[in-house]
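Everything numeric in this text was worked out from a predicted model, so none of it was measured. Residue numbers begin at 1 in each chain, while the letters A, B, ... track the order of the sequences.
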2 protein chains.
Amino acid sequence: MTLAEKAYDALRHDIIRGELAPGRPLRLSDLSERYDMGFSPLREALNRLHAERLVTAESLRGFRVAPLSLDELHDAVDVRIKVECDALRASIKLGDDSWAAGIVSALYALNLQVGRTGPDADIWTLEARHYAFHRALLAACNSPWTLEFFERLYAATERYRIPTLLAAANPAGRDVQAEHSALAEATLARDADKATALLEAHYRRTADHLTSVFGMDKASGMVAAG
Amino acid sequence: MTLAEKAYDALRHDIIRGELAPGRPLRLSDLSERYDMGFSPLREALNRLHAERLVTAESLRGFRVAPLSLDELHDAVDVRIKVECDALRASIKLGDDSWAAGIVSALYALNLQVGRTGPDADIWTLEARHYAFHRALLAACNSPWTLEFFERLYAATERYRIPTLLAAANPAGRDVQAEHSALAEATLARDADKATALLEAHYRRTADHLTSVFGMDKASGMVAAG
DNA sequence: GCAATAATTATTTTCGAAAATCTTTGGAAT
DNA sequence: ATTCCAAAGATTTTCGAAAATAATTATTGC
């Protein structure tokens with residue numbers, strides 16, 4: 001693995017996790033020290049991330065972590081619902097046994113981690129399994145373009161979920177585990193209408209929760225309208 | 001405008017237009033001579049284009065123009081139809097007078113160019129206006145994510161259309177101008193069902209035509225399955 | 001002849017410094 | 001005090017060479 005690839009992985013990781021705060025300038029000298037490499041691999045990584053809209057770039061003024069905004073969150077969630085519901089229908093139509101088994105397996109691993117407490121309760125393992133579960137649902141859609149857009153939108157929305165994940169602040173009266181189980185059940189039963197309805201509700205609840213948590217909080221890197 | 005930005009524009013242009021053939025290796029020494037600049041800005045541009053899937057990259061083995069394949073074409077067209085039909089419905093719901101005027105204007109400019117022959121018949125002006133027309137239809141959808149995906153998919157499918165554009169080979173019995181006019185008319189009449197049906201038919205016809213033109217022609221840079 | 005291996009060449013990747021540009025600071029004039 | 005301008009400093013961008021890796025060619029042993 002080249003340094004540029006390591007830089008890409010590390011920067012993407014740190015941006016999505018919020019270790020590099022939204023809006024923060026990404027100075028090459030800082031990054032060079034932080035990741036212990038020269039400018040060239042860093043600039044290559046930053047250009048890739050710029051193409052993915054995780055960093056902003058301004059000519060001769062360098063790069064910044066892309067800001068967050070409630071408008072963007074709502075847009076990303078709306079588009080996600082459309083893209084993933086279509087993909088889920090395609091998966092339900094096309095998926096074979098190994099696709100179904102992948103969902104069962106991913107849900108099981110996710111629930112194991114949800115149940116853990118104390119030193120085993122690693123938020124990042126949980127997050128990785130949450131991603132894996134949603135990815136498994138769509139795995140059989142047979143559309144590389146759809147899956148790429150799913151990845152983009154997942155990364156974009158994950159940035160908003162991190163603060164509440166770190167606070168372990170699940171909304172009162174919401175059983176996310178039950179939502180996942182119901183979603184998996186409807187999918188495995190090949191009930192596309194029910195599954196997509198559950199998926200949409202799942203995302204709308206998450207978006208509503210996040211909207212209430214970020215009350216246009218300036219300190220969190222949120223930015224008004226545009 | 002920095003050299004890296006110029007390199008990005010030039011490379012993207014040459015790849016989409018087919019001047020750099022699909023699958024062709026993009027050696028830095030060649031590119032350095034072709035575009036008259038050093039390695040650094042070229043590598044930055046290539047990394048951006050890699051993130052956009054217009055070039056492929058293999059660790060320590062450099063970059064290539066992304067290959068074409070019928071599978072990818074069909075996937076891109078299918079996803080495009082879903083994304084653009086949703087966006088068109090949103091635009092029809094939200095669009096104001098200036099959006100409608102933009103469509104009329106774009107269609108008029110497109111038709112002007114379609115009618116030109118001889119030295120004024122510039123294929124690239126035509127192509128730019130074709131893009132502008134389709135973009136104008138979606139302009140009011142109020143979803144940056146949707147518009148970004150539209151741009152990605154437009155660029156991806158444009159690559160397949162270039163050879164037939166250059167051959168000026170419109171399919172017999174197809175009046176693309178009439179298709180555009182009908183699409184604009186239904187959109188301006190705010191008839192979402194009709195407009196999306198016309199849009200889907202428009203793209204399916206194009207895809208069918210391209211599928212028949214590229215009969216899995218090896219020389220065109222096409223690649224089997226996946 | 002042919003396979004394996006060493007030597008050579010070609011190419012990508014990375015660094016460190018130079019060039020270009022932006023930002024801040026300090027001072028002079030109004 | 002405020003605005004303007006120049007100088008100094010900070011930062012990005014680019015280059016050219018060095019290092020690392022891959023690909024090719026030549027050589028050796030059988």
- Message: Would you say A/Asp30 and A/Tyr35 are linked by a side-chain donor-acceptor pair, where the criterion is simply a distance under 3.5 Å?
- Response: no

- Say whether A/Glu44 and A/Tyr8, considering side chains only, have a donor N or O and an acceptor N or O under 3.5 Å apart. no

In whole Å, what is the span from the [atom1] atom of [X] to the [atom2] atom of [N]?
{"X": "B/Phe39", "N": "D/dT14", "atom1": "CZ", "atom2": "C1'", "answer": "13 Å"}
{"X": "B/Leu42", "N": "C/dT14", "atom1": "CG", "atom2": "C1'", "answer": "16 Å"}
{"X": "A/Lys6", "N": "C/dT13", "atom1": "NZ", "atom2": "P", "answer": "13 Å"}
{"X": "A/Met1", "N": "C/dT14", "atom1": "CE", "atom2": "P", "answer": "11 Å"}
{"X": "B/Met37", "N": "D/dG16", "atom1": "CE", "atom2": "C1'", "answer": "16 Å"}
{"X": "A/Leu28", "N": "C/dC22", "atom1": "CG", "atom2": "P", "answer": "16 Å"}
{"X": "A/Leu3", "N": "D/dA19", "atom1": "CG", "atom2": "C1'", "answer": "12 Å"}
{"X": "A/Arg64", "N": "C/dC22", "atom1": "CZ", "atom2": "C1'", "answer": "13 Å"}

- Query: In residues 56-63 of chain B, which residues come under 4.0 Å of DNA chain D by heavy atom?
  - Reply: B/Leu60, B/Arg61

- What nucleotide among C/dT13, D/dT14, D/dT11 has an atom nearest to a side-chain atom of A/Arg27? D/dT11

- Query: Just how far is it from atom CG of A/Leu153 to atom CD of A/Glu148, taken to the nearest 0.5 Å?
  - Reply: 10.0 Å

- Select base, sugar-phosphate, or nothing to describe what B/Thr2 touches, counting heavy atoms under 4.0 Å on all strands. sugar-phosphate

- Query: Partners of B/His202 by side chain to side chain contact (heavy atoms under 4.5 Å, CB included), sequence neighbours excluded?
  - Reply: B/His130, B/His134, B/Arg174, B/Val176, B/Glu179, B/His180

- Query: Has A/Asp96 got more than 12 heavy atoms of other residues, nucleotides or ligands less than 6.0 Å from its CG?
  - Reply: yes

- Find out whether A/Val79 and B/Ser143 are in side-chain contact, i.e. whether some heavy atom of one side chain is under 4.5 Å from a heavy atom of the other. yes

